[in-house]
Amino acid sequence: MTAVPESELVLVLPDGATRSVAPGTLPADVVRSIGERLLQAAVAVSVEGTVQDLMTPLRRGGAFRVLTERDPEGLSVLRHSAAHVLATAVRRLRPDAKIGFGPSIDDGFYYDFEVATPFTPDDLERFEAEMRKVAAEKLDFVRAEVAMPEARQRFADDPLKLERLDDFTDPNEIISTYTDGPFIDLCKGPHVPHTGRLKHFKLLHTAGAYWRGDEKRQMLQRIYGTAWFKKEELDQYLFRIEEAKKRDHRKLGRELDLMMFHPFSPGAAFWTERGTTLYNTLVDFVRERQRRDFAEIKTPLLYNKGLWETSGHWGKYRENMFLVLDAETGEHDISLKPMNCPSHYLMYLAKRHSYRELPMRYVTFDVLHRNELTGALSGLTRVRQFAQDDCHVFLREDQIASEVQFLMRFILDYYSAFGLTATLKFATRPETRIGDDAMWDRAEGALKAALEATGQSYALKPGDGAFYGPKIDFDVTDSLGRAWQLGTIQLDYAAPERFDLQYVGEDNADHRPVVIHRAVSGSFERFIAILIEHFAGAFPTWLAPEQVRVLPISEEQAPVAEAVVTRMLAAGIRAHLDARSETLKYRVAEGARTKIPYMCVIGRREAEADQVAVNTRGAGEGQRPAPVSVDEFISRVRAEIAARRLTPGAGLG
RNA sequence: GCUGACGUAGCUCAAUUGGCAGAGCACCUGAUUUGUAAUCAGGCGGUUGCGAGUUCGAUUCUCGCCGUCAGCUCCA
C-alpha cells in the first residue's frame, strides 16, 4: 500500500480494490477509470451507502459502488429525474407554471405546479408526449453549486423556489441547481446522467395538493407518474393496478351482494344478508378467541360532554364528534361516542379493584361514530360509522411485559388465521408528550423487552408514539403486497391520571394502574374491506356467507336436494338450494361467479345413492366432480370449517 | 374542508354541433327439466343525482346543492 495524502479520499470498490482521488473529483471520472462501458451503464453511485449522482463532486471516501439499472437504489434516482423531465415538459407547454417539489415516491414520482388554470386529462396526454420528446433529446443533467445571492437571482420569478431558499439557514449547506436543456431547478439531486435514460414511464393522474402540505396555503396542481428501467416492469406495474381495481372491495362488495351505500347516510355501510353473515362470523370469531381472557361489556352510545371534557377530547376533537341537541338545555352537549375508552374507564371506576384482578381486560364491539371530512370518506376503509374490537387492559406496571407479550401473540395468531402476515413497528416518545422521562424509560423499556422476547423483528419509528405512551403498530400485508396498519398496542399513563383510576395493592394502599389500548382488526368495516381484496371475494369456507349451494339437475331431484340442504343446515353449514328452472350450466356458472366454496350437484344417480357430485371452488372449469356420500361431505366440510382452513378442498378428498 | 374528474334503468355502458333516451345482464311471465362455467321467446324497468337558469326545445350549456372517485389535509 502506498501512502495516501490525508487530503485524498479513499474509495473501496466492491472487489476490495481501492482508488484514491482528490476531494471534488466527479464520480463520473472514477467510473470512467474503471471502464468506459460501466460509465455508459451507470445510473448513479453509492458512497458508504449514500446514493449520489455522477456529477456531484465526491466529498468523502468509503465503500464505493456503481449503481446500474439492476440496482433497486437506482430506481428512485430515475424517478426523481422523471419528475424533472415532467417539469421540463410542463414548462415548455405552460411557461407560466411555477414549480414546487418533485420527488420520487413508491412506484413513481410527482411534481407540484402552481398554475392559473388547473390541468385537464388532455393536458396530461400532451405533457407525456412532450416528455417523450425531452427524453429523446438526451439532455444532460448539469449540476451547479451556487451561492445564495446567485440562487435568489436565478429563481427571482418563482416565489415557490424563493420560499424554499429561505430554508437554507446553514451557510455551509450547499445550494445546488440541476439543468436539463432550458429547465433549471433548485435541487440537491441525485439525477441520472441525461434525460435519455428515461424510457418507460406513464403519467397517471392529477390532483390538488397544498403547498408544503399546509391546508392554509394555496393549492398546487400535482401530477403523478410512474417510471421503470424495463418495459416489462412498467407493464407489470400497470397490470398490478388493474388487478387491484378488479379486487376493489367497493366493486366486489356490490357484485357479491355484501353491502351498499346510500347518499342519505354517507360513510355508513348497509350490510345485506350475506354481508351481515360475514360480519357476524368475524365478530363471533373474535368473541370465541376472547372468551376466556377478556370480559365483553356494552356501554352507552350517547354521553354528556362532561365525559369528553374529562378525557380531553372535547377541546380538540369536538368537531369530529356527532353532537346531539338536548331539547331541554337547547345545547349540543351530548355526543355519540367516537371511541370506547372513556366508557371503559367509567365501568372500571364503578367498583374498587384489587391487584388480584389485574390485568383486567374490557372489550366492546359497540357502534362508533366519527364525523370524518367528506373528502376523506372512502368505501369501507374510511367511514363515519364503524365498530372496533376495542379492548382496554387495566394492569399493574410490573405486568406490562407479560401483558404485551400476551396481546401480541393474540394479534399475530388472529392475522395468521386469514393467511395475513404482519410487520411490527415500535413507536417511541414523540416531541410533544406527557409524563416525565423516567416514565417513558420504563414504558419503552417494558414494551421493547416484551417485543424482543417474542423473537419478532420490528422496525423502529422514533417519535411516532402516542402522546401518552409508546406503542406497537401491526402492519398487515395482503395478497397484493399492500400494507395496512391494523392492530395496535398502546401504553397509556395519561388516562389513569385523568380519570383517577386506582386499585388496592397488596400493601392495602391505593395504586395507579396502567392502561393498554388494544385493537386487532382496527375496525371490522376496514378489516372486511381488506379481507375482500385479500381473498378477491373468494372467502375461506368458514367465512363465506354461503358455504354450499345444492343444485338438483331436474325437478325430479328437487325434493331430495331440499332434504340434503336441511341436513346441511342442521349440521351448521350455511347451505342454499338452487332449484330454479335454469340449465345446470347456467346455475354452475352463477355459483362460480358468486364464489361459493362448494356446489353440490344432485342428479338421478346421486339421488339414488344419497350422494352429491361436488364442485370445489378453485378447481377450475371443466373439473370432473367425484360423487361423495352426503354424510361424508357434511363431515368434511364441518371439519374444514372447524379448522378454519383457508381454501376449500373437502370435496377433492 | 380543499383541487380536479364524474353522476343516464338494479348493474355495466351507449345516445352527431342542444332535437322523440337505447343495449346487454339482472328482474317478471311463458316454454324448456336440463349431467357441469350464461337455453329460447316475450315483458317490466327512466322527472338522465336534486334544484334553479339560458333556450322554441337541455342527458347535452351555466350556476348552486348532494353524492362518488383520485389526491391533499385529517384519522383521537
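All chains are named by letter (A, B, ...) in the order of the sequence lines, taking the proteins before the strands, and each is independently numbered beginning at 1.
B/rG43 and B/rG24 have their P atoms separated by 11 Å, given to the nearest Å. Across the C1' atoms, B/rG51 and B/rC13 are found 27 Å apart, a figure rounded to whole Å. Between B/rC65 and B/rA9, the distance separating the two P atoms is 24 Å to the nearest Å.
Place A/A589 and A/E255 on RNA chain B by their nearest nucleotides, and A/E255 ends up nearer the 5' end.
Within 4.0 Å of A/G312, counting heavy atoms only, lies no atom of the nucleic acid at all. In this structure, A/L377 reaches the sugar-phosphate backbone alone: every heavy-atom distance under 4.0 Å involves primed, P, OP1 or OP2 atoms, never a base. Using a 4.0 Å heavy-atom cutoff across all strands shown, A/F261 reaches no nucleic acid atom at all. A/G379 comes within 4.0 angstrom of the backbone, heavy atoms only, and of no base. At the heavy-atom level, A/H313 lies under 4.0 Å from base atoms of the strands shown.
Within the structure, a side-chain polar atom (N or O) of A/Y586 is placed less than 4.0 Å from OP1 or OP2 of B/rA26.
Residue A/P103 is tested with A/Y110, A/Y111, A/F109 for a side-chain contact (heavy atoms from CB on, under 4.5 Å); the sole match is A/Y110.
Closest to the side chain of A/P338, from the set B/rA76, B/rU39, B/rU68, is B/rA76. Set against B/rC69, B/rU36, B/rU68, the side chain of A/V588 has B/rU36 as its closest nucleotide. Of the listed nucleotides (B/rA76, B/rA38, B/rG71), B/rG71 has the atom at the smallest distance from the side chain of A/Y224.
There is a side-chain donor-acceptor pair under 3.5 Å between A/H517 and A/D492. Donor-acceptor pairing under 3.5 Å is lacking for the side chains of A/W228 and A/Q236.
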Please write out each protein N/O paired with an N/O of nucleotides 28-35 of chain B under 3.5 Å, distance rounded to 0.1 Å.
unit_1 : atom_1 : unit_2 : atom_2 : d
B/rU32 : N3     : A/S581 : OG     : 2.8
B/rU32 : O4     : A/S581 : OG     : 2.2
B/rU33 : O2     : A/E555 : N      : 3.0
B/rU33 : N3     : A/E555 : OE2    : 3.0
B/rU33 : O4     : A/E555 : OE2    : 2.4
B/rU34 : O4     : A/S581 : O      : 3.4
B/rU34 : O4     : A/S581 : OG     : 3.4
B/rU34 : O4     : A/E582 : N      : 3.4
B/rG35 : O6     : A/R604 : N      : 2.8
B/rG35 : O6     : A/R605 : N      : 3.1
B/rG35 : N1     : A/E606 : OE1    : 2.7
B/rG35 : N1     : A/E606 : OE2    : 3.4
B/rG35 : N2     : A/E606 : OE1    : 3.0
B/rG35 : N2     : A/E606 : OE2    : 2.4

Atom pairs, protein N/O to nucleotides 2-9 of chain B N/O, distance under 3.5 Å:
unit_1 : atom_1 : unit_2 : atom_2 : d
B/rC2  : O4'    : A/Y210 : OH     : 3.3
B/rU3  : O2'    : A/Q221 : NE2    : 2.9
B/rU3  : O2     : A/G208 : N      : 3.3

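Summarising the base pairing, B/rG30 is matched to B/rC40 through a Watson-Crick or G-U wobble pair whose two defining distances lie under 3.5 Å.
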